[in-house]
There are 2 protein chains.
Amino acid sequence: MTKIPIPGQPVRGSRRGAPIMALFDLLGRHWAMGVLWTLSEIGPATFRTLQERCETISPGALNTRLKELQAAGFVHKVEGGYAATASGRRLYELLHPLGEFSKEWALHMNSNDNT
Amino acid sequence: MTKIPIPGQPVRGSRRGAPIMALFDLLGRHWAMGVLWTLSEIGPATFRTLQERCETISPGALNTRLKELQAAGFVHKVEGGYAATASGRRLYELLHPLGEFSKEWALHMNSNDNT
DNA sequence: CTAAACCGCTATAAATTTTGTAGCGATCCG
DNA sequence: CGGATCGCTACAAAATTTATAGCGGTTTAG
């Protein structure tokens with residue numbers, strides 16, 4: 001079905017499967033970070049809730065991403081739907097600073113200086 | 001040509017263009033983070049060098065990504081090719097911890113415990 | 001000057017991924 | 001028994017990505 005990138009095996013960006021490139025291969029798919037982010041912010045959520053929160057994701061895409069994130073160990077099923085695993089929460093925390101960064105970036109984009 | 005996500009305008013994950021979702025829309029495209037990462041690690045590089053370092057990227061993809069990253073203000077042209085802007089370096093720094101994380105993750109993936 | 005060797009990048013077609021929409025089978029009320 | 005959810009599958013259309021060839025320009029060597 002979906003092919004999930006495994007560190008140590010050829011991935012996008014590294015024929016030898018450099019971990020960072022394997023991770024980028026996984027996260028660099030449409031919606032991957034958005035799903036993890038949303039799931040982390042709202043806590044355990046059902047498939048449909050997640051779908052609504054992501055506003056425009058299609059069920060097929062959501063399902064594919066969820067499977068990949070589960071295979072990677074960042075998400076798992078719990079009572080009440082899906083939730084981030086410890087590892088997933090850790091990843092979310094590392095991604096978290098991007099929230100602030102993105103706001104500054106938004107300012108740049110809507111004016112046009114260069115810092 | 002390529003449509004780059006603008007915060008404040010509909011993007012994947014947010015009809016109202018939440019900055020973080022706009023950023024994810026941009027970075028969540030095949031190769032986007034890999035290119036920024038590679039460029040940041042090797043410093044200013046020519047198109048062809050970048051292409052080699054990315055190992056398996058096609059020139060079309062590289063060119064598209066470079067244009068997007070430039071439009072977003074993360075990359076610009078310099079003597080000697082392309083380089084990360086101040087903003088791009090900042091983003092790279094935020095992404096940097098993922099390097100370590102990915103190594104731990106690689107261990108998880110190749111054994112199978114759960115931390 | 002000529003030719004080989006790069007360079008940035010475009011062209012194009014095939015392959016893959018993502019979207020959008022419909023809806024099935026299962027549960028859970030009342 | 002309806003009616004309202006739910007998780008998720010089906011599937012075709014649209015969009016993105018890949019792979020490969022190669023053009024026109026510049027540099028280097030002879």
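Not measured: the values here are computed from a predicted model. Throughout, a chain's letter reflects where its sequence line sits, starting with A, and its residues are numbered from 1.
Atoms CG and CD, from N110(A) and Q9(B) in turn, are 8.0 Å apart once rounded to the nearest 0.5 Å.
Between Y82(B) and dC9(C), a side-chain N or O to OP1/OP2 separation shorter than 4.0 Å is present. Close to dG7(D), at under 4.0 Å from its OP1 or OP2, lies no side-chain N or O of K67(A). Contact between the side-chain N/O atoms of T64(B) and the OP1/OP2 oxygens of dT17(D) is not found at any separation under 4.0 Å. Phosphate proximity of dA14(D) to K3(B): absent, as no side-chain N or O sits under 4.0 Å from OP1 or OP2.
For the pair T38(B) (side chain) and C54(B) (backbone), a donor-acceptor distance under 3.5 Å is absent. At least one donor-acceptor pair under 3.5 Å links the side chain of Q70(B) to the backbone N or O of L66(B). R29(B) contributes no side-chain N or O that, together with a main-chain N or O of R65(B), makes up a donor-acceptor pair within less than 3.5 Å. Counting only distance, with no hydrogens or angles, the side chain of S102(B) and the backbone of G99(B) share a donor-acceptor pair below 3.5 Å.
Checking dG7(D), dT10(C), dT17(D) against the side-chain heavy atoms of R29(B) singles out dT17(D) as nearest.
Side-chain contact check for L95(B) versus L98(A): some heavy-atom pair is nearer than 4.5 Å. With contacts defined as side-chain heavy-atom distances shorter than 4.5 Å, the pair W31(A)/R12(B) qualifies.
Atom CG in L62(A) sits roughly 14 Å away from atom C1' in dG20(C) (whole-Å rounding). Separating the CD atom of E79(B) from the P atom of dG8(C) is a distance of 13 Å, rounded to the nearest angstrom. Rounded to an integer number of Å, the gap from N63(A) CG to dC24(C) C1' is 15 Å. Following rounding to the nearest Å, L50(B) (CG) and dG8(C) (C1') show an atom-to-atom distance of 12 Å. Separating the CD atom of Q70(B) from the P atom of dG8(C) is a distance of 13 Å, rounded to the nearest angstrom. Residue E52(B) contributes atom CD, which lies 11 Å from atom C1' of dC6(C) at whole-angstrom precision. Nucleotide dT19(C) holds its P atom 9 Å from the CG atom of D25(B), rounded to whole Å. Atom CD1 in I4(B) sits about 13 Å away from atom P in dT16(D), given to the nearest Å.
I42(B) approaches A45(B) most closely through the heavy-atom pair CD1-CB, 3.7 Å.
Along DNA chain C, the nucleotide nearest E68(A) and the nucleotide nearest L66(B) are compared for position; the residue whose nucleotide lies closer to the 5' end is L66(B).
Listed in residue order, the members of residues 15-23 of chain A having a heavy atom less than 4.0 Å from DNA chain C come to none.
Under the rule for a side-chain hydrogen bond (donor to acceptor under 3.5 Å, both in side chains), the partners of T46(A) that lie at least two apart in sequence or sit in another chain are T49(A).
The list of ring-ring contact (aromatic ring centres under 6.0 Å, His included) pairs with a residue in residues 38-74 of chain B, not counting sequence neighbours, reads F101(A)-F74(B), W105(A)-F74(B). For residues 81-97 of chain A, the pairs satisfying salt bridge (charged side-chain N to carboxylate O under 4.0 Å, His left out) are R90(A)-E104(B), with sequence neighbours left out.
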Dump the pairs, protein N or O against N or O of nucleotides 27-29 of chain C, anything under 3.5 Å, distances to one decimal.
none

Is there any protein nitrogen or oxygen under 3.5 Å from a nitrogen or oxygen in nucleotides 18-25 of chain D, and what are the pairs?
unit_1, atom_1, unit_2, atom_2, d
dT18(D), OP1, R12(A), NH1, 3.1
dT18(D), OP1, W31(B), NE1, 3.4
dT18(D), OP2, W31(B), NE1, 3.2

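Of the candidates L69(B), V35(B), V75(B), Y82(B) forms a side-chain contact (heavy atoms from CB on, under 4.5 Å) with just one, namely V75(B).
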